[in-house]
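Every chain is numbered from 1, with letters handed out A, B, ... down the list of sequences. On a predicted model such as this, the values are computed, not experimentally measured, just so you know.
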Number of protein chains: 2
Amino acid sequence: MNYEASRLLLGLNCAHPLDAVSLPGATTDLAKAHNFDVQAFRFNADKEHMRQPRIVRVGLIQNSIAIPTTCHFADQKKSIMEKVKPIIDAAGASGVNILCLQEAWTMPFAFCTREKRWCEFAEPVDGESTQFLQELAQKYNMVIVSPILERDINHGETIWNTVVVIGNNGNIIGIHRKNHIPRVGDFNESTYYMEGNTGHPVFETAYGKIAVNICYGRHHPLNWLAFGLNGAEIVFNPSATVGELSEPMWPIEARNAAIANSYFVGSINRVGTEVFPNPFTSGDGKPQHADFGHFYGSSHFSAPDASCTPSLSRYRDGLMISDMDLNLCRQIKDKWAFRMTARYDMYANLLSEYLKPDFKPQIIADPLINKRA
Amino acid sequence: MNYEASRLLLGLNCAHPLDAVSLPGATTDLAKAHNFDVQAFRFNADKEHMRQPRIVRVGLIQNSIAIPTTCHFADQKKSIMEKVKPIIDAAGASGVNILCLQEAWTMPFAFCTREKRWCEFAEPVDGESTQFLQELAQKYNMVIVSPILERDINHGETIWNTVVVIGNNGNIIGIHRKNHIPRVGDFNESTYYMEGNTGHPVFETAYGKIAVNICYGRHHPLNWLAFGLNGAEIVFNPSATVGELSEPMWPIEARNAAIANSYFVGSINRVGTEVFPNPFTSGDGKPQHADFGHFYGSSHFSAPDASCTPSLSRYRDGLMISDMDLNLCRQIKDKWAFRMTARYDMYANLLSEYLKPDFKPQIIADPLINKRA
């Protein structure tokens with residue numbers, strides 16, 4: 001990659017260049033044996049007088065599904081769990097402190113089909129996949145963020161798109177539900193579940209304050225902002241998104257969020273092409289087809305100083321690891337003062353006005369607009 | 001540039017690839033004679049049944065100052081106007097409809113010095129530089145956006161960082177004052193002028209609805225959002241920013257704003273190194289020096305579909321031209337529905353709460369946080 005491309009793609013003229021990190025043999029052996037990509041980097045920060053460095057090791061997992069979508073649902077789910085297990089083990093062997101899986105990781109991303117039978121993959125917060133991860137969280141002393149399709153037993157069996165945050169002692173710290181639901185392309189998620197009702201929680205874990213902006217929420221700067229206002233130091237963006245639709249946006253939005261909010265972002269996208277049993281149309285006038293397009297992986301980290309890691313493969317399962325000194329968040333806040341210069345009062349007022357049906361935009365029209373043009 | 005770099009840098013797998021545009025000989029002759037970079041591109045949109053295409057030609061000018069900062073202020077200003085004139089002529093010869101100049105274009109960016117004598121460059125809204133541009137706007141039937149240092153005669157000779165929007169008939173349509181003032185590096189602007197009091201106006205011109213996010217405001221997603229809520233189709237970001245500080249952010253923030261708000265963005269940065277008469281320190285413990293660093297140019301356009309043009313030179317004066325079908329803005333709104341899925345009510349409430357001194361962030365703490373780690 002030439003200088004110009006490195007500069008723009010990785011922010012490599014920033015104050016704290018990235019270092020590569022070497023991982024233990026146990027990790028690289030697992031990666032070879034199970035054929036997944038593994039990369040590791042370190043974001044640096046300045047030394048401070050009044051605080052020790054707060055270096056945490058954070059991991060992201062991206063993966064394809066394991067067996068065809070025509071198989072029995074229980075087998076599909078089990079096979080994904082079996083496939084992801086060695087990648088989690090690799091994270092554990094690497095001493096990862098906080099690990100995040102991809103959106104709806106226990107299932108194919110079947111919402112393109114509009115078939116409601118896929119709701120069978122939904123689980124209660126303390127269901128099978130959570131129990132599976134609780135054991136691993138405790139074993140590896142690791143916080144695990146688990147995005148699932150949730151069945152809310154206490155509210156009429158409502159379906160949600162949810163993350164379960166599991167503490168490093170294997171306990172469930174809490175949940176967050178996806179705030180913004182797409183209505184674009186084959187992302188027919190709005191026929192399965194509604195906008196989340198959990199606000200913008202930040203989870204204070206043993207290793208730092210984390211939050212989760214699920215998938216389509218990354219297109220909403222206010223969603224990113226809200227996690228920042230609540231004090232997040234790392235925000236994960238577990239996603240499932242396809243090449244033709246969102247790929248030009250992918251390297252931009254997460255980095256912008258990290259810059260604008262002075263926190264780290266971990267972006268995850270699933271991998272591969274998932275083919276479904278029954279063909280469907282895409283609202284584009286083209287013939288029916290049975291796949292959702294290519295999930296392009298490319299998981300990566302972004303830092304508040306505008307730097308970022310390279311991305312994992314577009315095609316293979318992968319584990320991305322980064323060491324990050326969380327002190328960098330406050331250092332960047334002190335340097336750039338985005339919070340202090342933000343004038344939130346103006347925007348609280350504007351949004352309140354905008355919500356009114358008779359909102360009048362602030363437009364200054366040229367009185368001579370029709371004179372000539 | 002290889003495929004991976006093109007894809008990420010220019011969003012080239014988007015639905016509407018960029019075309020190069022050829023310019024008249026008069027333009028290229030002026031560029032050769034006056035040694036400035038000129039580039040031209042076209043953003044495309046889908047054809048619609050119910051609307052004709054609304055193609056406008058938009059220009060951005062970046063330039064260095066013309067003579068040393070030790071010269072008489074009147075000569076410095078005059079020489080910049082003389083230097084910029086042939087670039088404006090080149091825009092006029094190219095049929096540009098809307099043209100934007102760089103931040104505080106009539107002067108060196110002397111705010112690093114903290115010397116108040118540079119306030120002499122401030123002008124009333126209808127001052128010398130505005131009159132100069134009004135003539136050219138009328139001559140070329142061109143809207144001109146002119147960022148100046150403003151002297152507000154009617155309010156105690158207050159200084160503002162202001163843009164004057166001049167209609168294609170040479171009339172002053174209105175002004176906007178910079179909303180967010182930096183407190184970082186040598187950007188000592190907060191000692192010269194205060195946060196603007198003009199809200200987020202959108203100017204309805206003969207060629208479309210435009211707005212101006214001045215310089216440091218590009219770090220504030222809410223500032224970009226507000227221009228979008230008021231209906232902007234093109235937002236200019238006239239800037240003056242230096243390599244060591246902001247360059248890794250430069251290719252990210254404008255593109256993110258274009259994506260998040262479904263409008264076009266024109267980003268402008270001045271060029272060159274400006275050396276001042278009296279050395280100053282930079283609050284970094286290093287010895288005094290007389291320059292502000294390198295203004296890295298790199299002006300470019302971003303589109304709502306996540307594509308963008310290449311950038312003008314990092315070193316030379318330049319004119320960047322793009323044809324853009326403004327219909328693309330609504331097409332992207334209809335496709336992605338970011339406005340409709342934004343849940344502004346949540347954020348109006350959150351910001352109102354956040355403004356209170358006793359705001360409590362939404363934090364869910366792990367009760368076992370101190371058990372082991």
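Contact record, B:H220 with A:F338: CE1-O, 3.0 Å, taken as the closest heavy-atom pair. Of all heavy-atom pairs between B:M249 and A:A306, the closest is CG-CB, 3.7 Å. The two residues B:S246 and A:W336 have their closest heavy-atom pair at CB-CH2, 4.2 Å.
Residue contact with chain A, scored on non-hydrogen atoms closer than 4.5 Å, involves the side chain of B:Y354 exclusively. Heavy-atom distances place the backbone of B:T198, and not its side chain, under 4.5 Å from chain A. With a 4.5 angstrom heavy-atom cutoff, A:F187 does not touch chain B via any of its atoms. Looking at B:I259, only its side chain comes within 4.5 Å of chain A, counting heavy atoms on both sides. For A:N223, the parts lying near chain B are the backbone and the side chain together; criterion is any non-hydrogen pair under 4.5 Å. Using a 4.5 Å cut-off between heavy atoms, A:F227 makes no contact with chain B at all. Interface remark: A:L222 contributes backbone and side-chain atoms alike to the contact with chain B (heavy atom separation under 4.5 Å). For B:R339, the part lying near chain A is the side chain, with the backbone staying farther off; criterion is any non-hydrogen pair under 4.5 Å.
Annotation: the span from A:S352 atom OG to B:L351 atom CG amounts to 8.5 Å, rounded to 0.5 Å. A distance of 7.5 Å separates CG of A:N256 from CD1 of B:I252, quoted to the nearest 0.5 Å. From B:E195, atom CD reaches atom CZ of A:R343 across 5.5 Å, with rounding to the nearest 0.5 Å. Between A:T341 atom OG1 and B:H180 atom NE2 the span is 7.0 Å, to the nearest 0.5 Å. Here the CG-CG distance, from B:D366 to A:N169, works out to 6.5 Å after rounding to the nearest 0.5 Å.
Top candidate by heavy-atom pairs under 4.5 Å with chain B, chosen from A:K209, A:K360, A:M346, is A:M346. No other option in A:T205, A:N179, A:L225, A:I181 has as many heavy-atom pairs under 4.5 Å with chain B as A:N179. Chosen from A:F359, A:Y216, A:W250, the residue pairing most often with chain B at heavy-atom distances under 4.5 Å is A:Y216. Your options are A:G185, A:P367, A:P182, A:G199, and the one with the most heavy-atom pairs under 4.5 Å with chain B is A:G199. Of all the listed residues (A:G167, A:P201, A:A337), the one sharing the greatest number of non-hydrogen pairs under 4.5 Å with chain B is A:P201. Contact count against chain B (heavy-atom pairs under 4.5 Å) is highest for A:L229 among A:L355, A:L350, A:D345, A:L229.
Panel note: side chain A:N230, backbone B:Q362; a donor-acceptor pair is recorded below 3.5 Å.
A heavy-atom distance below 4.5 Å is not found between the side chains of A:I364 and B:V202.
For B:Y347 and A:H200, the distance between ring centers is under 6.0 angstrom.
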